[in-house]
Structure formats: C-alpha cells, structure tokens
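Here's the structure we're looking at; comments come further down.
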Amino acid sequence: MKHTLAVLVENRPGVLTRIAGLFARRGYNIDSLAVGRTDNPLISRMTIVVDGDDRVIEQVSKQLYKLIDVIKLTDITNDEYVDREMILIKVNADPAIRGEIMQIVEIFRARIVDIGRNSLIIEATGDEGKINAIESALRPFGIREVVRTGKIAMSRGPKHKNGKSQELL
Amino acid sequence: MGITGAQALIKFLEEEHVKYIFGYPGGAVLALYDAILESKKIKHVLVRQEQAAVHAASGYARVTGRPGVCLATSGPGATNLVTGLATAYMDSIPVVAITGQVGTDMIGTDAFQEVDIFGITMPITKHNYLVKDVNDLPKVVKEAFHIASTGRPGPVLIDIPKNVSGAVFDYQPPGPVDLRGYKPTYKGHPAQIKNLAKFIQEAERPVILAGGGVISSNANEELYALAEKINAPVTTTLMGLGAFPEDHQLSLGMLGLHGTPYANYAVTNCDLLISLGVRFDDRVISVASKFAPQAKIVHIDIDPAEIGKNVIVDLPIVGDVRLVLEELLKKVTKKEHHSWLQQVKAWKESHPMVYGNLSQLRPQYVIEKLGELTRGKAIITTDVGQHQMWAAQFYKFTKPRSFISSGGLGTMGYGFPAAVGAQLASPDSLVVAITGDGSFQMNMAEMGTATEQCLPIKILLFNNSYLSLVRQLQHFLCGKRYCGVEFTGNPDFVQLANSYPGAVGLRIEKPEDVEPVLKEAINNGKLTVIECRVSEEELVYPVVPPGRSLDEMIHYPVEEGGTNE
Ligand SMILES: Cc1ncc(C[n+]2csc(CCOP(=O)(O)OP(=O)(O)O)c2C)c(N)n1
C-alpha cells in the first residue's frame, strides 16, 4: 500500500541526499518525493510517497526520524488531507486536431501554456487520479514529453495532531 | 581578539577534556597541526595509516566511554578513515573524526587531494558536517560531540576546508546545543515498564540477553541486580561481553552462531527473553522465525529504529537501558526459578565448552590460560577470525569495557590499533590484542606507533599461516576446496617484533610453554608479540549451520576428543 509521509527537515545542504540515500541503502522504493521551503526559510517540507506494508513503513519512518536533520515526520495516509500534483505535457498537435485537444483540456480544467508549430504544452494540477486521467486522455495524440512534480500533500484542519509517531512506542 | 578556526577547534577540544588526537598530517590540515603544537593538554598520536587512527580513537572511546578523536588530511587521508568510521558506526562507538578539505573556492573542481568525504561518509556516520564558514565551527564542533556521545552513540565527521581552519575570526563560545530534530528518549514509558514487571512475575523460564547497549549505557550494575533479584540466567551478545561477570553462576556466556550450547538451548526454550541494548544481528539469532520460539520477547533500546527491525517483539521499551532498569528494579519482587536453573545447569554439564586434547598447542587453551592468569581483568582487543571467536568463548570476562572487538562490521585490522587507544585510555591496565596472522598483517605497521608511545601492549598472535575462519567456511560450505586462504610469505613475527626499539618477540610452540611465556610477557613491561604456532585444522565449535535454529548447532566432535585436558 502507498503511504504519504509529510517530513519537516532542516533546510541545509545535503539533507535531500541523506534522505534519498537512506531509501536507496535500505532498499526502499520512493514513489515520489517533492521538496520545498516552508513559511520558515530554515525549514523545508518533503512529501514522500513510499510503497510498502506496515512493517516497511514503520522501519522507513523510524530510520528517517533518526536523521538529525529530520525535525518532524507524519504519516498522513489515514488522515484527511488535500493533495496535488502538477504535470506539464508536450503533446503532438497539428493545427487540424487542436480543437479536439482543447476540448480535453477544457474538461480537465487544465491550461494550454505554450503553442508550438506542431505541439502544445498543457499544464494541469490535481490529485493523482486526475493527473493520470489527463495523461491517458492525451496519449492517443502522441505525447512528446511529460514532467510531473510528484505529490504534495497537507492535512486538513488546524495542524497535525500526532506528529513524531515514533514517540508513541 | 581574533583566533584561527584551527585554534578555536583545539580550544574546544581542550574544554571537552580531549587528551589524545590520533592522526596523520597533510597539506589540508597544516593549520590544525600548528594549533595542536600550541596545546599543552592535547597530545597528538601519529599513527602509521589513517585507518588505525579511527580504530585507536574507537578503542579509546570504548574504554573511557567518552568520544575518541581522530584527524586526517583531505583526499586519501580522509578515505583511509572510511573503514574505521563504518566499524564505529556498526558498533555504536562515539568517535569524532576531523578531516581537512581543500579550500572552499576549490570545492567541486576535482582539486588536488579533493574528495567528497561528506558525501562518502553519510551512510556510515551518525551525522556529518562540511563547515563552510569559520563562524559556524564552534557550534558544529559542540554539536558533533553532543551527537556522538548521546542517545545511541556513533561516529560524527567534521570536514573543514583549509581556508576555514586558517581563517581568523572573532571567537564566540557556542551556546547550548539545541537540535530540533534530535531529542533522544531516555526514560522508558512507565506503563511499559510496569508491563515488563508483570511479564517477569508470570515467567517461569526467563533469560536476559545483554548487548552492547548495556555497556554503553553503563547499566552493568543494574543488570547484575536484576539478574540476581529475579534469578534469570544472563547471556550476552559479542558486543555485550563483560556486561555480566562470566564467573557468576547465572552467566551463560555468549549467544549465537558460535555461542555456548547452554546459551543457545536456554534462549530456544525460555518463555521470556528480556533483551537489553541488542540489535538482533543475524549472527545472534540465526533465523528470525525460529528464534526464541516459545518466548515473549521484550526489547529495551534507546534507538526506536532497532525495535521490530529483525525480530518481532511483544513488548518494546524505548529508553536508556540503565534508566529503564533502574525503574524496573523498583517494580519487581524477588523470584526463584529452581527447576529452570536446574535445567540450565544440566545443559552446562552435558554440553560444556570444550576443545581438543593437548597433544598439540590449542589456541583455546592459550586463551583460557590467559584468562586464568589475568583473572578476567585484562582489556582484551581482538581482530576478526577464529581467534576472535575463541577469545569470546574462552576468556571469562568479568567487567564491562574489557572486550573490544569489531562486532558489527567484522573488521580485520581492528584489534591492534584499538589496543593502542585502549592502552592510552587505561595506562595501568594490561591490554592484550588477540589476533591472527592475517588480521595482524593488516595493521602491523602500528608497531611503530605503539613503540613511539611506549605502550606495553601484548599481542597474542595465533599464526597458522591461514585465514582460518574463511578456511573453515570453505571446509564446511565448499567441500574443503581451499582457495586464497594460505599465506606462504609470512614474516618471522618474533624477529619482526625484535626489530622495533623497545619491543620484544616471544614464541609459544608447545602447551608447556603457555604459562611461562604468558607470565613473562605479562610482567616484562614491554610491547610484546607472542607468536603461538597453531594448526590450521582447528575449527570453531559450536557452530549453527546457515538456516538452522540456535539449538540445531553442531557441537565439538566427541570423536576428536573434546575435553579440556
Ligand atoms: C578487512 C576484512 N577483510 C576480509 C575479511 C573476511 N575475513 C573474515 S575472517 C578472515 C580470516 C582471518 O584470518 P586471521 O586474521 O589469520 O584469523 P584466524 O581466523 O586465522 O584466527 C577473513 C579474511 C574481514 N573480516 N575483514
């Protein structure tokens, strides 16, 4: 099962390497990882999606939490949360079929952000399901390039209540 | 008034009561060496290879319980530390390693002697730093000592570019350490401790398993009190040797692949296993699913990530072993386990630790004699191989911090440099490095270091011209097809020793030589190599074959005359 971890880390050189290295070294697979600063410039937040059973996730979390630069770690999988991912798709688009593509873009509330001679770049944001759907809707036209940010997520409500789940042990 | 980064560093080390820096100089650490020269409190110990500097720092740390410090230059100096750092990391030993780095303007250009030691050592240190601004240095060094020595101890590396150690700045003493992401849990959860007391109350066949965590948290007295109060036999891991006196009737000696038969039987048959500061290494448990199958397993450890990693536990307690035991002792009442202890005694009698007769010189016998002559009170360091297992099996350790060996990484070449650190840490102790001809040759250049420092270390060298533990594996697993395990170019170790000023070489060839030669070595006050000529045919028993449970070990073959005389 896929788990979504929200991880607050010190905004320091090497932190991403530490985290990515930990996953590689212990043979855990990162599904996606998105990082950016928070409102505090000294702290970054990572949203890590990782696949595994409860034991694997427990180990991943504990090992991550051991890193000195990890400030707080929350498995938000079972919380109510909002998640988004962004995608840019460059798709083949002869002038003749542009109308058809534009309809799809409309349906998904996506946007065309660039027009080339024979291609379009489309931007979309949404949860994973929507992003997958738009990608497959556009596939028949011939996708030239795709870039996805990976998921970012935030729990609903005031703030997360049971961070640092390790302390429960 | 301004001082240099290097001077600030040395000043801080002095305040931390660092007495020795084990190191090797180079261009990138000139300022640091210059600052050491000015210090009246810190002595530099020049090793012969940087790997020995970390091992010595680690030996020092294991004897004193305080961080050992080593220093190397950038590039090759720094990479030579890697094996030692990994060794310390696996065994949770507090070491602070300082490396020089090329100037900040050169970083990333593949400059002369540049290597990304920060990146290289990330997975083998508890934490590491690259200091780019001299103003950060005091804070970083303070944090490094804090991280290395608190929680689950471990090595920390500080990489300091040349221009940073050379820079003059306005030194401000660092404030208290405050790391948002690092707050070890020391006190165990009271409800869990209460549960443990209840488990103990209900248990009929308890066993205590003590690991390295008992030693690093200085919990040996609490362990002793608990064992006596609840009358539970105590077995230890390799790292836990010395945590419980092996001359005590509740002692089972070491557990695991080469553990004692009675420890392996007791754990397989116990109904409660109280594990203290262990990490359930595969050498200890063999197969996880067959480990302590009838027992409720309790795991007390300061590192939450260790709990549930290899073995599923019934009761986890995160905390410092000593503090948890202190609390626990208030909650348990006296217990007797007559029939269980009777059973354990029967196993001890039916399956004692034995070795072949003395028609030839037996390494086990030499180690046993050494134990008798020193009454289990020497500091023993070992390398890795058969000799290491025999040292663990046949020397009866009676106090903590007296068995120093690379348990986790299994690093050959560890024992002798670790003995250098141990002897400096405890000048009045008898320090014996038990080693094999293979392992000794990995770091025997440290004879020079030991000579220079006038250290009266005894090197008990079992020479069989073989890498015998690997030979043993080939014996059992490759149908006696021996490959790459024989040395035909060994030096004359006695002459080698004699060639160092102030050192001597002695030789033991027959069982009758053992006692007199050991006595001579113990009393001569000199760096001494005692070469024991032994047969490569010896095998370490008992041994648990791969994939088997602990009680399915192979015992010493009786037909070969398994006795102690
Ligand atoms: C650095 C290193 N390289 C290789 C090994 C694999 N290894 C484990 S034991 C051993 C043989 C050790 O031989 P020796 O030091 O002579 O000890 P003996 O087994 O003969 O007592 C080897 C090669 C190791 N543990 N460490």
Side-chain angles (χ1 to χ4, degrees), chain A residues 5-28 30 35 37-46 48 50 52-75 162-169, chain B residues 92 107-108 116-133 136 140 143-144 146-148 150-152 154 156-157 159 177-185 187-189 191-192 288 299-313 315-319:
Chain A
L5 307 178
V7 189
L8 289 181
V9 300
E10 299 284 350
N11 185 5
R12 268 194 212 137
V15 174
L16 184 57
T17 318
R18 271 186 217 285
I19 293 199
L22 186 146
F23 277 81
R25 195 159 71 242
R26 301 207 176 248
Y28 308 134
I30 305 179
V35 206
R37 251 191 42 188
T38 61
D39 52 324
N40 179 346
L42 299 176
I43 298 178
S44 296
R45 175 159 163 152
M46 299 190 179
I48 306 178
V50 49
D53 61 23
D54 287 353
R55 270 199 68 173
V56 169
I57 302 302
E58 193 186 321
Q59 261 300 306
V60 173
S61 310
K62 285 174 169 176
Q63 295 293 348
L64 277 177
Y65 185 53
K66 253 175 93 162
L67 297 177
I68 311 279
D69 287 332
V70 170
I71 301 166
K72 180 170 170 166
L73 183 151
T74 326
D75 184 346
N162 59 349
K164 294 212 170 180
S165 45
Q166 272 60 47
E167 285 176 2
L168 295 177
L169 268 173
Chain B
S92 310
I107 288 179
D116 173 19
I117 199 67
F118 176 67
I120 290 173
T121 57
M122 231 174 232
I124 52 167
T125 52
K126 185 171 172 188
H127 195 59
N128 63 3
Y129 296 90
L130 167 60
V131 185
K132 287 199 182 145
D133 179 344
D136 295 339
V140 163
E143 278 180 17
H146 176 72
I147 292 170
T150 54
R152 176 178 185 173
V156 177
L157 179 133
D159 197 27
V177 175
D178 180 26
L179 294 158
R180 282 181 287 213
Y182 179 69
K183 304 267 189 295
T185 309
K187 289 195 68 145
H189 198 288
Q192 297 288 76
H299 190 182
I300 301 171
D301 205 290
I302 195 150
D303 180 359
E306 281 310 324
I307 291 175
K309 190 175 82 177
N310 297 335
V311 161
I312 297 169
V313 298
L315 180 64
I317 302 180
V318 176

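In what follows, chains carry the letters A, B, and so on, assigned in the order in which the sequence lines appear, proteins first and then strands, with residues in each chain numbered from 1.
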Part of [X] lying under 4.5 Å from any heavy atom of chain B:
| X | value |
| --- | --- |
| A:Arg18 | both |
| A:Leu67 | backbone |
| A:Leu42 | both |

Could you look at B:Asn128 and say if it's the side chain, the backbone, both or neither that has a heavy atom under 4.5 Å from chain A?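 Answer is both: backbone and side chain atoms of B:Asn128 are under 4.5 Å from chain A.
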
So what's closer than 4.5 Å to chain A heavy atoms on B:Leu130: side chain, backbone, both or neither?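 For B:Leu130, no heavy atom lies under 4.5 Å from chain A.
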
Any side-chain heavy-atom pair of [X] and [Y] under 4.5 Å:
| X | Y | answer |
| --- | --- | --- |
| A:Lys62 | B:Ile307 | yes |
| B:Met122 | A:Leu22 | no |
| B:Lys309 | A:Gln63 | yes |

Gap between atom [atom2] of [Y] and atom [atom1] of [X] - 0.5 Å precision:
| X | Y | atom1 | atom2 | result |
| --- | --- | --- | --- | --- |
| A:Ile68 | B:Leu179 | CD1 | CG | 6.5 Å |
| A:Lys72 | B:Arg180 | NZ | CZ | 12.5 Å |
| B:Tyr182 | A:Ile71 | OH | CD1 | 16.0 Å |

B:Gly308 versus A:Arg55, closest heavy-atom pair with distance: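 That would be O-NH2, 2.8 Å.
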
Above 12 or not: heavy atoms from other molecules or residues under 6.0 Å from CG of A:Asp54?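 Open: at most 12 neighbouring heavy atoms sit under 6.0 Å from CG of A:Asp54.
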
